[in-house]
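Reading through the structure tokens given below for one structure.
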Amino acid sequence: MTDLLNSPGDQAFREEIREYVAGELHPDTRARVSRGAPLTREDFSRWQKSLHAKGWVAPAWPKEHGGPGWTARQRIIADEEMFRLHTPPLPGFGLKMIGPILIQFGALEQQQRFLPRILSGEDWWCQGFSESGAGSDLASLKTRAVRTDGGWLVSGSKTWTTYAQYANWIFCLVRTDPDVKKQEGISMMLIDMSLPGVSRRPIRLIDGTEEVNEIFLDQVYVPDDLVVGEINKGWTYAKALLEHERFGIGGIGRSKQLLARVREAADASGRAGEPEIANALDTLEIDIMAIEATTLRLLAAVEAGVKIGAETSLLKVRGTEIQQALTEVMLDIAGPAALAARDSAGVQEPFENAVYQFLNWRKLSIYGGSNEIQRSILATQVLGLK
Amino acid sequence: MTDLLNSPGDQAFREEIREYVAGELHPDTRARVSRGAPLTREDFSRWQKSLHAKGWVAPAWPKEHGGPGWTARQRIIADEEMFRLHTPPLPGFGLKMIGPILIQFGALEQQQRFLPRILSGEDWWCQGFSESGAGSDLASLKTRAVRTDGGWLVSGSKTWTTYAQYANWIFCLVRTDPDVKKQEGISMMLIDMSLPGVSRRPIRLIDGTEEVNEIFLDQVYVPDDLVVGEINKGWTYAKALLEHERFGIGGIGRSKQLLARVREAADASGRAGEPEIANALDTLEIDIMAIEATTLRLLAAVEAGVKIGAETSLLKVRGTEIQQALTEVMLDIAGPAALAARDSAGVQEPFENAVYQFLNWRKLSIYGGSNEIQRSILATQVLGLK
Amino acid sequence: MIDFKLPDEETLLLKATAERFIADHYELALRNEMLTASAGQLPAHWGEMAELGWLAAPVSEEAGGLGLTPRQVVPFMSVLGAGLVLEPIGPVVMHCAPTLARALPSDKAAAALAPVLAGESIELIAAGPANAPIRATREGDDLVLTGSVPLLIGGAQAAAFWVVAECEGAPLLVRVPAGEASVEAYRVVDGQSAARVSFKGVRRAAPEAIAGCEEALAYGNDLAMVGKLAELAGLIDRLYRETLEYMKLREQFGRPIGRFQVIQHRMADMFIKREEAQSMVFLAAEAMASDDTAFRSKLVCAAQVKIYDNARAVLRDAVQLHGGMGVTDELPVGHMVKRLLLLTRLDGGRMAGLRRFRAAA
Amino acid sequence: MIDFKLPDEETLLLKATAERFIADHYELALRNEMLTASAGQLPAHWGEMAELGWLAAPVSEEAGGLGLTPRQVVPFMSVLGAGLVLEPIGPVVMHCAPTLARALPSDKAAAALAPVLAGESIELIAAGPANAPIRATREGDDLVLTGSVPLLIGGAQAAAFWVVAECEGAPLLVRVPAGEASVEAYRVVDGQSAARVSFKGVRRAAPEAIAGCEEALAYGNDLAMVGKLAELAGLIDRLYRETLEYMKLREQFGRPIGRFQVIQHRMADMFIKREEAQSMVFLAAEAMASDDTAFRSKLVCAAQVKIYDNARAVLRDAVQLHGGMGVTDELPVGHMVKRLLLLTRLDGGRMAGLRRFRAAA
């Protein structure tokens with residue numbers, strides 16, 4: 001689809017990215033990404049190495065911590081090009097979550113110890129926020145840390161922990177004071193997953209993959225130097241996280257790549273000209289433009305010093321609605337051609353992952369603050385309805 | 001569209017109706033109804049006379065009070081045929097509201113005094129429930145009745161009073177006890193609109209018509225024999241009203257007539273074959289079938305002794321959604337041809353009332369319990385979510 | 001004539017046996033076990049289904065069946081669909097058997113159907129896609145069949161196929177033993193066994209072919225659709241009920257989430273969609289009794305469009321309202337969703353239904 | 001190049017004068033008074049608009065205008081649209097004047113536009129519907145114009161029409177004084193004055209016609225669309241703000257209705273639609289600066305589709321959430337709704353926009 005950012009400078013920057021990616025991206029990885037197939041750990045780590053070598057692995061980090069020093073506009077372009085070129089989207093638990101938290105709130109020793117290993121991929125982080133009893137009501141979490149000599153003993157369980165099977169570290173929200181208002185007794189801790197007391201149960205998802213897990217913590221010892229910032233301030237840090245890279249939550253690059261893939265499938269199956277298909281795809285292309293234009297407009301306002309807060313929730317809502325709609329149009333195009341089980345003798349290209357992507361991406365409107373939560377945030381924090 | 005009720009008996013009944021209507025309906029009235037134009041008082045009263053002469057004016061009334069003794073199935077067919085033949089839908093304030101209330105709860109003298117005049121059209125009733133401060137929260141009404149010798153003095157105001165300009169009687173909900181729970185201090189009274197203290201202000205609607213009014217009551221005297229049923233039981237009677245003719249609230253006959261009109265317009269303008277128009281109209285035809293089938297299914301359950309309660313709210317929700325969607329498709333078909341002001345030199349047939357009907361019918365999802373209220377009723381009373 | 005009388009005793013009995021069957025055999029863990037079998041293996045409970053008389057349900061008594069009406073079979077099929085059965089009950093009971101019972105004179109039908117209704121031989125209607133029908137050409141006294149069916153539920157388990165073949169502009173129905181076709185077995189997304197079935201110059205004696213079967217094929221296709229819609233209506237109903245239950249149990253922010261107004265309205269909409277689906281599947285079943293084939297087809301297509309639409313919407317909301325649990329394989333909701341996806345996409349979907357609706361005068 | 005810088009000082013100044021103008025002249029009661037005038041009467045405040053320099057805003061300086069960019073004019077047009085002005089400001093300022101400024105060499109443009117920009121002569125582009133264009137045929141040295149424009153906003157108030165006529169496969173632009181056309185005045189639903197304008201064999205000297213004006217016409221059409229989208233974005237914004245205000249004030253069941261979760265989410269959606277509309281109108285205005293006409297047209301059409309869709313949705317919810325008050329003529333919401341209806345339906349609507357979007361490579 002049309003590039004909105006197409007000044008000569010933009011074009012040169014795109015060219016630079018294309019050139020590097022062309023020389024680095026492994027063809028197997030490229031093929032899996034382009035077909036919407038599940039990715040392997042190798043796909044991610046190989047690609048992280050390439051990006052790290054070039055200094056591009058953490059687009060939004062400050063330069064002094066290893067970021068590339070790109071402008072917001074460049075970050076948008078880079079995201080778009082990376083998706084367009086079918087590079088694998090690196091999991092954000094280290095690069096977009098705990099990394100930025102440590103940069104903002106971590107102790108100097110924590111930064112020095114962990115940040116380089118996040119950039120290099122040496123450490124793989126996972127996130128221990130959700131609990132099975134809490135869901136959208138994150139602050140009612142029950143995992144408890146009890147004071148012990150020089151540290152804490154943590155017990156409880158976490159769930160929806162994506163890629164925990166690959167991770168060696170987990171950052172957790174735990175309750176350190178049960179006697180105060182629920183948001184005020186929470187701390188953030190860094191836990192080595194090889195410690196005794198840490199165990200894992202994979203959760204089989206609706207699409208047949210096992211990318212998420214339950215994590216059990218049984219009297220796991222966390223020394224004081226692995227607590228992030230101050231005790232009982234964990235909720236503040238978690239909230240700050242939601243604001244980090246908040247302009248990226250529209251997933252514009254991802255949506256554009258998916259749109260391109262659906263258009264290719266429509267062409268390949270000879271159905272691109274059917275009015276219902278054509279209208280749906282054109283409308284979704286325009287929907288993507290609208291959130292891209294909104295992202296750019298909000299960014300311009302921020303750069304001009306206007307304070308933008310929870311408005312970005314709209315990017316999450318619309319972005320995920322668009323992506324889910326695209327996976328559904330893909331199924332409309334496929335018809336029965338998408339119905340064979342993955343990897344079975346019945347699969348038909350280019351629809352071999354269509355059902356599974358449709359199923360897997362139902363999560364987009366659930367995790368990271370469900371779309372219902374996002375609408376409530378907009379209504380109360382932006383519109384002042386309370 | 002397809003008649004679902006088409007047994008030989010059904011067909012004979014349809015024929016009987018067609019024959020009578022053909023001989024009675026005034027061509028001017030027919031023309032106005034068929035074009036969606038506003039109707040005059042004369043249109044209504046002339047047609048009421050015809051129906052009354054035949055004994056068909058109150059399909060749902062018991063035979064002993066003047067109803068035709070039709071089955072539920074016949075009432076559905078009659079409604080459908082009447083709409084199809086472009087008869088004017090008679091306002092229901094007498095025939096479908098206060099009439100049935102008096103039959104169920106009124107004193108014998110009230111029945112003898114008022115029912116025949118409702119059937120004949122000699123009395124024109126309007127409804128005094130809504131107040132400008134109350135809206136959907138009907139029970140918080142403020143019009144007060146104060147006890148006086150042999151009756152009550154009523155003061156306050158009512159709004160959204162449809163066709164009050166034609167009416168000589170109004171039935172009102174008024175507060176007779178301000179000191180109890182709000183639903184428990186309300187009574188229903190019958191008020192002669194020619195009395196001193198009753199005055200009226202027309203409200204100009206968005207479509208330019210003045211079919212609704214504000215009614216002001218200033219110390220209006222209501223003798224005890226014009227109170228319906230018991231004092232302070234008005235809320236119960238009003239609620240019973242909502243259950244009367246509840247299977248008619250889907251407005252199936254009305255929707256079918258409108259669909260036919262929109263299809264004719266699509267044909268006339270040569271746009272019936274455009275996929276977007278054709279898909280929208282076929283989908284709406286199926287939507288109408290679905291609420292018709294649901295109406296029949298619920299009716300069959302009632303006849304078999306199953307208790308059906310607030311489920312019928314779904315007919316109101318879907319029926320009004322369909323009717324509003326149809327007025328919008330009409331505008332899509334019309335394009336600029338619908339934009340001239342009513343009765344101006346620019347009007348183009350068959351779209352001369354399209355914008356006004358679209359605007360006027362926005363009310364369908366607001367009045368009689370807004371669709372938001374209906375969904376809450378379903379959720380709490382049928383689904384048990386509370 | 002359309003009439004919405006409440007279900008009679010036979011209907012309720014049949015439905016009750018289906019409920020018992022599901023309770024006995026289709027607990028989620030047992031079902032997951034069945035999924036590990038190879039796609040070509042015979043269906044686990046076929047014999048029991050035959051014994052229960054199910055395979056004969058909507059076949060006329062003259063042809064050896066029970067002579068139940070479509071209307072009587074709908075609640076039964078709804079239970080099996082919502083119960084996620086893996087046996088090819090729809091393709092055999094709602095499609096193949098009733099089609100043959102109409103296409104053949106009753107004595108011949110009874111003979112042909114006997115092993116099918118007894119559960120000894122799984123036989124299926126095999127028709128190519130609309131844009132690539134199977135062709136029959138005459139060579140001497142033989143017919144030569146060429147073409148394929150990319151996705152046939154139960155195809156890997158069938159003993160014979162009744163091929164719908166186009167010959168000189170008209171359809172023929174030709175029985176081909178499975179051994180003479182090329183059958184590539186695989187599972188579909190909801191775990192059912194299926195196959196790509198190809199006919200590469202299969203030869204049959206011409207007199208064996210059944211001609212003049214258009215009406216029977218049309219009736220069978222409509223009935224098969226009613227069966228599928230019954231399954232979907234059952235799935236919609238169960239998704240609605242399980243989601244409602246979850247909304248009452250699951251607590252967030254200190255109260256059951258079903259107390260939040262947004263959830264209440266979403267559930268009200270799901271209830272409406274469930275009611276509409278129930279109404280439309282009965283309407284379609286009633287229409288099957290009509291002699292007016294255009295009327296029948298119009299109502300079946302209307303039900304198809306409405307139920308497909310409602311199924312998709314209910315799928316989205318059932319998963320969303322279940323939150324994280326909705327995207328796992330650990331609750332029935334995830335499995336129901338996959339079957340629902342399959343059933344709404346085995347044919348041309350809502351658009352194909354809408355076009356046929358338009359065409360039925 | 002697309003850039004979303006915040007509005008500059010000129011933009012804000014122009015917008016502020018528009019706000020003052022609306023506050024002074026367009027209080028609802030004053031506006032209702034204006035509606036009682038006959039449709040052919042000259043617009044009430046045209047002279048003042050000219051004095052404020054508005055008529056010259058987006059015309060190049062060489063052609064006698066202020067040379068403001070589309071981007072600078074958008075907020076101004078939004079204020080006038082939301083303010084429900086009855087003067088034909090869009091057709092003159094955003095369509096006719098900038099089209100002429102491009103179609104004519106700048107000295108001629110300056111001469112032709114002088115009376116228009118001074119407010120002395122209301123002149124409009126008059127193009128027939130796509131399927132019934134106005135035709136020009138040559139007769140000797142004359143052109144003979146035949147055809148009509150069924151709905152031309154401001155048509156009853158114009159002193160001259162710049163007719164877009166098809167002649168031998170290419171468009172010509174021909175000025176026709178209003179006296180030579182047949183003008184049937186009427187009001188449209190939102191109260192604006194309009195006319196059916198017909199040309200029944202109108203004769204003009206051939207050399208007067210402007211040929212080679214395709215590019216200017218395309219630019220003018222796109223700019224007129226941007227003007228209309230600016231009005232719509234303004235209307236959406238004001239409907240959103242008034243509805244939000246009402247949700248905070250109006251009480252039901254003992255609390256402001258804005259505290260009900262269902263209302264909150266509906267308002268969140270209205271906010272999203274308003275933000276998208278703001279973004280898209282700026283995107284379209286920015287695209288007007290591009291030399292790549294396909295790019296420009298694609299973005300303008302995208303904005304059209306999105307803003308039309310959002311306008312319709314906002315209309316529905318703004319009325320619904322206002323309840324009974326939403327369907328009266330007593331609050332601004334009812335009047336805004338009618339203007340919004342008009343603006344989204346003057347052309348082929350979303351479908352026409354989508355088709356042009358598709359066609360723009």
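So you know, we letter chains A, B, ... as the sequences are listed, proteins then strands, and number each from 1. Heavy atoms only: backbone and side chains are in, while hydrogens, waters and symmetry mates are out.
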Can you tell which part of [X] gets under 4.5 Å to a heavy atom of chain A, answering side chain, backbone, both or neither?
X        : value
C:Ile257 : neither
C:Asp347 : backbone
C:Arg316 : both
C:Ala185 : backbone
C:Glu184 : side chain
C:Val333 : neither

Item to complete: Examine the side chains of A:Thr159 and A:Glu214 and answer whether a donor and an acceptor come within less than 3.5 Å of each other.
Response: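 No - no donor-acceptor pair under 3.5 Å links their side chains.
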Practice prompt. Go through the side-chain N and O atoms of A:Asn371 and A:Thr320 and say whether any donor and acceptor fall under 3.5 Å apart.
Written response: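 Yes.
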Taking [options] one by one, which has the highest count of heavy-atom pairs under 4.5 Å against chain C?
options                                : answer
A:Pro336, A:Ser344, A:Ser376           : A:Pro336
A:Ile203, A:Leu359, A:Asp332           : A:Asp332
A:Glu328, A:Lys363, A:Arg342, A:Gln324 : A:Glu328

Item to complete: Assign the ring pair C:Tyr246 / C:His322 to parallel, tilted or perpendicular, where the plane angle (0 to 90°) is split at 30° and 60°.
Response: parallel
Worksheet item: Taking the six-membered ring for Trp, are C:Tyr240 and C:Phe271 parallel (under 30°), tilted (30 to 60°) or perpendicular (over 60°)?
Response: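 Geometry flag for C:Phe271 against C:Tyr240: tilted rings.
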Using a cut-off of under 4.5 Å for heavy-atom pairs, which of [options] has the most such pairs with chain A?
options                      : answer
C:Arg266, C:Gln320, C:Arg250 : C:Gln320
C:Glu251, C:Arg350, C:Met351 : C:Met351
C:Gln192, C:Arg312, C:Met325 : C:Arg312
C:Leu342, C:Leu315, C:Thr344 : C:Leu342

Worksheet item: More than 12 heavy atoms of other residues, nucleotides or ligands under 6.0 Å from CD of C:Glu33: is that the case?
Response: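 No, because the 6.0 Å sphere around CD of C:Glu33 holds 12 heavy atoms or fewer from other groups.
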Item to complete: Check each atom of A:Ser140 against the heavy atoms of chain C and say whether the ones under 4.5 Å are side chain, backbone, both or neither.
Response: neither
Practice prompt. Using non-hydrogen atoms and a 4.5 Å limit, figure out which bit of A:Phe358 sits close to chain C: side chain, backbone, both or neither.
Written response: side chain
In plain terms, say whether [X] and [Y] are close enough for a salt bridge, that is, a side-chain N and a carboxylate O under 4.0 Å apart.
X        : Y        : value
A:Glu321 : A:Arg318 : yes
A:Glu131 : A:Lys158 : yes
A:Asp207 : C:Lys338 : no

Item to complete: Show the numbers, then the answer: is there a side chain to side chain contact (heavy atoms under 4.5 Å, CB included) between A:Arg261 and A:Met330?
Response: CA-CA 9 Å; A:Arg261 202 144 55 74; A:Met330 187 72 147; 4.1 Å; yes
Discussion item. Would C:Arg255 pass as a cation-pi partner of C:Phe260, given that its NZ or CZ must be under 6.0 Å from the six-membered ring centre and within 45 degrees of the axis?
Written reply: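 Positive - C:Arg255 is close enough to the ring of C:Phe260 and near enough to its axis.
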